[in-house]
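Below is one structure, written out as structure tokens, with a few remarks after it.
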2 protein chains.
Amino acid sequence: MDSKTKYHHGDLRKALIEAGVSLLQEEDASELTLRRVAREAKVSHMAPYRHFADKNALLAAIAVEGFQILGEQIKEEIHANRSDPRQMIDHVCLAYVKFGIEHPAHLTLMFSGLLSTGSSDELNLAAQKTLSLLKQTVKHAQKENLLKSVDGTQMAKSIWSMVHGLAMLMKEGLLLSEDGAQFEPIVRQSIDHLLNGIKS
Amino acid sequence: MDSKTKYHHGDLRKALIEAGVSLLQEEDASELTLRRVAREAKVSHMAPYRHFADKNALLAAIAVEGFQILGEQIKEEIHANRSDPRQMIDHVCLAYVKFGIEHPAHLTLMFSGLLSTGSSDELNLAAQKTLSLLKQTVKHAQKENLLKSVDGTQMAKSIWSMVHGLAMLMKEGLLLSEDGAQFEPIVRQSIDHLLNGIKS
DNA sequence: ACCTGAACACCGTTCAAGT
DNA sequence: ACCTGAACACCGTTCAAGT
């Protein structure tokens with residue numbers, strides 16, 4: 001249809017990202033191979049280089065997509081819970097953990113060192129944008145007098161660390177000892193502990 | 001000297017683990033190659049197979065070493081703070097985060113999916129042993145009436161998630177915005193928030 | 001412009017030998 | 001027992017062509 005479809009694809013870039021994610025869902029990250037991604041997208045093993053500088057650039061693109069997806073989910077919860085700052089915090093945190101469970105490959109890539117080594121400005125920007133939504137949530141709760149009015153930055157770091165730890169450990173299946181266990185109660189209780197304290 | 005040193009090494013297994021860790025300190029995990037490890041240990045590229053079934057087994061051995069080191073550090077803090085359960089929690093958590101900062105390669109490997117995929121019984125056992133020390137710390141604090149007496153398992157999960165998130169994000173350099181920033185105050189404050197609450 | 005195929009240096013792993 | 005070297009199928013990446 002499209003004149004861009006003269007060759008195999010209209011949007012090979014997107015197809016390659018999807019193929020990469022699809023491979024990561026089935027196998028270990030060490031199994032993800034640029035050549036296999038190309039095969040999965042029915043394209044020669046050199047075609048990806050038209051869209052990505054190297055293998056790392058493809059991985060970074062997947063990570064960027066992850067931050068975008070996570071950002072969307074968080075935004076939804078922010079808007080859906082404007083009236084209740086406590087519920088807003090709960091649902092934003094639940095969305096973060098849920099994202100990790102539903103997109104483990106993305107989460108792994110998002111925090112696998114590609115960030116700190118600063119391989120891509122686009123990745124750093126995407127990360128920063130998404131994480132600022134967490135800060136925004138904390139600020140909103142402070143404005144509504146839900147949280148103590150001191151040290152908002154530190155509070156955001158504590159909440160982020162808590163929810164990030166929950167997401168990482170959940171993703172690895174290390175927090176759900178029983179088989180039918182759900183993640184929501186553990187997350188809710190952890191947030192509750194963080195807000196109300198667990199000291200006697 | 002030793003009759004075992006007839007060939008190149010008295011303890012090639014240990015030398016290979018050290019070589020692997022050394023490579024991981026300098027470069028990305030994707031750069032770690034069984035052949036390079038062998039080269040680093042001044043040994044042919046096939047020698048490692050006498051000690052490890054495959055590349056994954058070497059990585060698992062490094063992860064096991066990580067759990068052992070972390071376990072030692074936590075044990076030290078448990079014993080050094082027997083008299084004050086609150087200080088015990090603080091110092092155990094600080095030790096966890098400090099471990100991640102000092103041994104980022106180990107931490108990455110320890111929670112990189114080798115666990116849940118259950119590649120090695122030895123690894124699972126090492127992880128379980130180390131993590132039981134965290135539970136032990138929480139139980140001790142409960143016995144001393146520092147923590148609420150309900151739901152000790154959930155409390156342990158919350159504390160573990162918090163400290164694990166701190167360690168992972170610290171390791172990635174995502175929590176220390178300023179250059180000269182120290183990790184201790186952030187960890188102490190986060191633990192304080194978790195114990196005392198951050199609700200107004 | 002976008003895709004392909006041959007080529008190069010490298011990898012993990014197997015196999016058959018060497019001491 | 002422990003180590004080595006050749007060999008195989010695979011990788012990431014470069015280069016020179018094809019349409």
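Each chain gets a letter, A, B and so on, in the order the sequences are listed, and its residues count up from 1.
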message: Give the dot-bracket line for DNA chain C from 5' end to 3' end: parentheses for intra-strand Watson-Crick or G-U pairs under 3.5 Å, square brackets for crossings, | for inter-strand pairing, dots for unpaired.
response: ||.|||||...|||||.||

message: Assess, by modelled atom type and distance only, whether the side chains of Glu172(A) and Ser112(B) contain a donor and an acceptor separated by less than 3.5 Å.
response: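 Ser112(B) and Glu172(A) do not have a side-chain donor-acceptor pair below 3.5 Å.
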
Test item: side-chain donor near acceptor, Ser190(B) and Gln154(A), under 3.5 Å: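 Short answer, yes.
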
Rounded to the Å, how far apart are [X] [atom1] and [N] [atom2]?
X: Lys42(A); N: dT4(C); atom1: NZ; atom2: P; value: 13 Å
X: Leu58(A); N: dC11(D); atom1: CG; atom2: C1'; value: 15 Å
X: Lys55(B); N: dT14(C); atom1: NZ; atom2: P; value: 15 Å
X: Arg50(A); N: dA16(D); atom1: CZ; atom2: P; value: 14 Å
X: Leu34(B); N: dT14(C); atom1: CG; atom2: P; value: 11 Å
X: Glu31(B); N: dC10(C); atom1: CD; atom2: C1'; value: 12 Å

If the cut-off is 4.0 Å, is [X] near the phosphate of [N], judged by side-chain N/O to OP1 or OP2?
X: His51(A); N: dA1(C); value: no
X: Arg13(A); N: dC2(C); value: no
X: Thr33(B); N: dC10(C); value: no
X: Tyr49(A); N: dT13(D); value: yes

task: Please identify each residue that fulfils salt bridge (Lys or Arg N to Asp or Glu O under 4.0 Å) with Arg39(A), with sequence neighbours left out.
output: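 Arg39(A): no salt bridge (Lys or Arg N to Asp or Glu O under 4.0 Å) contacts found.
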
Review item, nucleotides 5-7 of chain D N/O atoms under 3.5 Å of protein N/O:
none

query: Looking at the side chain of Leu12(B), which of dC11(D), dC3(D), dG12(D) is the nearest nucleotide?
result: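 It is dC3(D).
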
message: Can you identify which nucleotide, out of dT4(D), dC11(D), dT13(D), has its nearest atom closest to the Ala47(B) side chain?
response: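 Between dT4(D), dC11(D), dT13(D), the one nearest the side chain of Ala47(B) would be dT4(D).
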
- request: Can you establish whether the number of heavy atoms outside Glu27(A) located under 6.0 Å from its atom CD is more than 12?
  value: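 Buried by this count: over 12 neighbours within 6.0 Å.
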
- prompt: Is the backbone of Trp160(A) close enough, under 3.5 Å, to the side chain of His164(A) for a donor and an acceptor to pair up by distance?
  reply: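 Judged by distance alone, no pair lies under 3.5 Å.
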
